[in-house]
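Quick notes on the structure that follows.
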Number of protein chains: 2
Amino acid sequence: MADPIRIMIVEDHNIVRQGLVALLQTVSDFVVVAEAADGRRAVELFREHQPDVTLMDLRLQKMNGVEAIGRIRSDFPLARIIVLTTFDGDEDIYRALQAGARGYLLKGMEGDELMDAIRAVHAGKSRIPSAVAERLAGRMSGPVLTDRETDVLRLIVKGNSNKEIASKLTITEATVKTHVNNLLSKLGVSDRTQAATTALQRGIVHLD
Amino acid sequence: MADPIRIMIVEDHNIVRQGLVALLQTVSDFVVVAEAADGRRAVELFREHQPDVTLMDLRLQKMNGVEAIGRIRSDFPLARIIVLTTFDGDEDIYRALQAGARGYLLKGMEGDELMDAIRAVHAGKSRIPSAVAERLAGRMSGPVLTDRETDVLRLIVKGNSNKEIASKLTITEATVKTHVNNLLSKLGVSDRTQAATTALQRGIVHLD
DNA sequence: CTCCTCCTCAACCTTTCGATGGACCTTGGT
DNA sequence: ACCAAGGTCCATCGAAAGGTTGAGGAGGAG
């Protein structure tokens with residue numbers, strides 16, 4: 001038999017992570033060599049163990065999954081990382097793949113698919129389920145928010161008025177209104193409350 | 001050795017559920033007798049297997065966890081159910097305990113605590129971590145939204161204007177404004193967008 | 001019965017939003 | 001060098017939202 005696949009698991013919910021470990025240990029050619037509960041620790045442990053495949057959730061303490069992927073890949077460009085998350089919205093999928101993830105799995109999938117994906121990614125392939133790929137395509141076709149618009153959107157979600165946004169970005173309220181207008185049309189909604197909820201739904205911003 | 005504790009797991013994410021099963025199987029006096037991926041199935045399987053302890057997530061397809069708990073407890077008042085979730089906000093904790101849950105655990109806790117909780121609840125005790133209990137106390141002290149206010153809040157989160165809300169509830173816009181005003185002061189916010197985001201954060205309503 | 005809460009509605013006023021049109025500037029392609 | 005495009009910026013105006021006060025009816029608790 002070939003060498004086992006050495007796996008690192010990055011997941012902030014202890015019970016879930018321990019469950020994943022137990023699940024993967026039931027497969028003879030998998031061995032979990034490291035576990036991390038947050039992004040910073042993930043980067044450290046990757047350096048130390050250099051696992052064959054890394055399973056990474058995106059919502060993490062201290063450093064989010066996307067940033068952790070980026071840092072790991074900048075040190076180890078061949079790192080094979082699979083995102084394993086509970087669908088955080090189109091935007092997160094896109095950013096994770098941009099950062100260098102080779103696979104993107106949803107926790108709702110079957111354990112078998114997880115095993116397959118680990119083997120596939122370990123063999124140098126990538127693994128994007130069609131359901132995820134479709135969302136990605138949708139994101140591509142849709143309009144992309146500019147940096148400034150994203151700034152404004154983030155402040156809207158936090159409950160700021162246009163005046164407050166203007167103050168925080170040191171621009172006039174009129175300018176904020178322009179950005180808000182562009183946001184609304186790009187997001188396909190008609191007011192800021194809808195903008196906030198769809199931004200959360202699509203994962204463009206998060207509540208912390 | 002005593003009889004093993006017969007456990008049912010209700011969790012919509014397959015991978016997480018299978019991980020939990022694998023984790024619990026590592027303990028000799030636990031045996032997982034049923035698994036459900038949604039609330040309806042949970043009620044069916046409880047009838048069929050009548051497990052000693054049920055681990056239940058709250059965010060489920062077809063029937064949410066709170067409703068499933070209520071139905072199970074109406075048929076089996078002695079059912080011992082532990083909520084195992086990723087903190088959905090104060091409101092869900094309250095509703096789950098109201099519905100008859102004996103324990104409320106967060107997925108971020110250690111596996112040991114899960115095992116302890118299962119044994120404690122099986123022995124007829126209850127298990128509410130202090131972190132959860134504090135939030136519960138906070139909820140108690142805070143003002144409680146009326147039914148109508150909750151209706152309005154739900155429609156606000158969906159992005160409806162006051163006029164649209166009035167139409168959908170078949171009341172006048174003036175009345176809607178009254179409810180909105182009461183909502184804002186009860187939630188301690190100053191506009192509807194903040195109301196929407198804090199409602200999501202506190203788990204009073206959910207995005208689907 | 002009476003008190004209290006909730007739901008309902010109205011009038012009035014102030015502030016905020018959203019829509020529109022146009023300015024300047026940088027960037028990349030011709 | 002040019003100009004086309006997109007991003008950021010700003011002003012004005014009508015519409016919507018929020019604040020305030022007041023008030024009537026229905027239903028439950030004491």
Side-chain angles (χ1 to χ4, degrees), chain A residues 91 94-95 98 139-202 204-205, chain B residues 91 94-95 98 139-202 204-205:
Chain A
E91 203 62 20
Y94 178 76
R95 289 199 275 243
Q98 277 280 1
R139 194 271 187 193
M140 296 302 193
S141 67
V144 181
L145 302 186
T146 68
D147 291 347
R148 211 52 165 165
E149 285 161 358
T150 306
D151 291 341
V152 172
L153 181 55
R154 198 187 327 276
L155 290 171
I156 286 177
V157 172
K158 287 188 179 175
N160 293 279
S161 67
N162 287 339
K163 188 177 296 184
E164 291 168 333
I165 295 172
S167 165
K168 293 183 180 178
L169 298 182
T170 54
I171 55 182
T172 67
E173 192 180 344
T175 304
V176 175
K177 290 183 176 183
T178 303
H179 292 311
V180 171
N181 257 285
N182 294 334
L183 271 175
L184 297 182
S185 52
K186 285 188 180 179
L187 294 178
V189 299
S190 58
D191 62 60
R192 61 175 46 219
T193 306
Q194 290 177 23
T197 53
T198 65
L200 291 171
Q201 220 161 16
R202 293 186 31 181
I204 302 174
V205 299
Chain B
E91 203 62 20
Y94 179 76
R95 289 199 276 242
Q98 277 281 359
R139 195 270 186 193
M140 296 304 193
S141 67
V144 182
L145 301 186
T146 68
D147 290 348
R148 213 48 167 168
E149 285 161 358
T150 306
D151 291 340
V152 172
L153 181 55
R154 198 187 325 277
L155 291 171
I156 286 178
V157 172
K158 288 188 179 174
N160 293 278
S161 68
N162 287 340
K163 190 177 296 185
E164 291 168 334
I165 294 172
S167 165
K168 292 184 179 177
L169 297 182
T170 54
I171 55 181
T172 67
E173 194 179 342
T175 305
V176 175
K177 288 178 134 188
T178 303
H179 292 311
V180 171
N181 260 289
N182 293 334
L183 271 176
L184 297 182
S185 50
K186 284 189 180 178
L187 293 178
V189 298
S190 58
D191 61 60
R192 61 177 46 218
T193 306
Q194 289 178 24
T197 53
T198 66
L200 291 172
Q201 219 161 17
R202 292 186 34 181
I204 302 174
V205 299

Margin query: Once you apply a heavy-atom cut-off of 4.0 Å, does A:Asn181 come out as touching a base, just sugar-phosphate, or nothing?
Written below: base
Notebook entry, point to check: When you list every nucleotide of DNA chain C with an atom under 4.0 Å from a heavy atom of chain B, which one comes first 5' to 3', and which comes last?
Noted result: C:dC6 to C:dA10
Note to self: Applying a 4.0 Å non-hydrogen cut-off, can you work out what B:Thr146 is touching in the nucleic acid: base, sugar-phosphate, or nothing?
What the structure shows: sugar-phosphate
Item checked: N/O donor-acceptor pair under 3.5 Å between A:Thr170 side chain and A:Ser167 backbone -> no
Next item on the list: Mind calculating the distance between CZ (A:Arg192) and P (D:dG18) to the nearest angstrom?
Entry: 10 Å
Item checked: Neighbour count above 12 (heavy atom, 6.0 Å) for A:Lys158 NZ -> no
Check: Taking atom P of D:dA15 as reference, at what distance in whole Å does atom NZ of A:Lys177 sit?
Finding: 14 Å
Note to self: If you assign B:Asp147 and A:Asn160 each to the DNA chain C nucleotide with the nearest heavy atom, which residue ends up on the more 5' nucleotide?
What the structure shows: B:Asp147
Next item on the list: Test B:Val152 against every option in B:Asn182, B:Val180, B:Thr146, B:Thr175 by the side-chain contact (heavy atoms from CB on, under 4.5 Å) rule and name the one that passes.
Entry: B:Val180
Next item on the list: Quickly work out the A:Leu184 CG to D:dA15 C1' distance and round it to whole Å.
Entry: 14 Å
Check: Within the structure shown, what part of the strands sits under 4.0 Å from B:Thr172 by heavy-atom distance: base, sugar-phosphate, or nothing?
Finding: sugar-phosphate
Next item on the list: Look at the side chain of A:Asn160 and the backbone N and O of A:Leu155, then say whether any donor-acceptor pair between them is shorter than 3.5 Å.
Entry: yes
Next item on the list: Starting at atom CD1 of B:Ile171, determine the distance to atom P of D:dG24, rounded to an integer number of angstrom.
Entry: 20 Å
Check: side chain to side chain contact (heavy atoms under 4.5 Å, CB included) between B:Leu187 and B:Gln194: does it pass, once the steps are laid out?
Finding: CA-CA 9 Å; B:Leu187 293 178; B:Gln194 289 178 24; over 6 Å; no
Next item on the list: Provide, to the nearest angstrom, the distance between the CD atom belonging to A:Glu173 and the P atom belonging to D:dC10.
Entry: 12 Å
Next item on the list: Look up atom NZ in A:Lys163 and atom NZ in A:Lys168, then write down how far apart they are to the nearest 0.5 Å.
Entry: 14.0 Å
Next item on the list: Let me know the distance between CG of A:Leu169 and C1' of D:dT8, rounded to the nearest Å.
Entry: 12 Å
Check: Heavy atoms under 4.0 Å, any strand shown: does B:Thr178 hit a base, just sugar-phosphate, or nothing?
Finding: base
Checklist line | Protein-nucleotide distance (A:Asp151, atom CG; D:dG7, atom P), rounded to Å | finding: 14 Å
Check: Are any side-chain N or O atoms of A:Gln98 and backbone N or O atoms of A:Tyr94, one a donor and one an acceptor, separated by less than 3.5 Å?
Finding: no
Note to self: Pick the closest DNA chain D nucleotide for B:Val189 and for A:Arg148 by heavy atoms, then say which residue is nearer the 5' end.
What the structure shows: A:Arg148
Next item on the list: Could you state the atom-to-atom distance from CG of B:Asn162 to C1' of D:dA17 in whole Å?
Entry: 6 Å
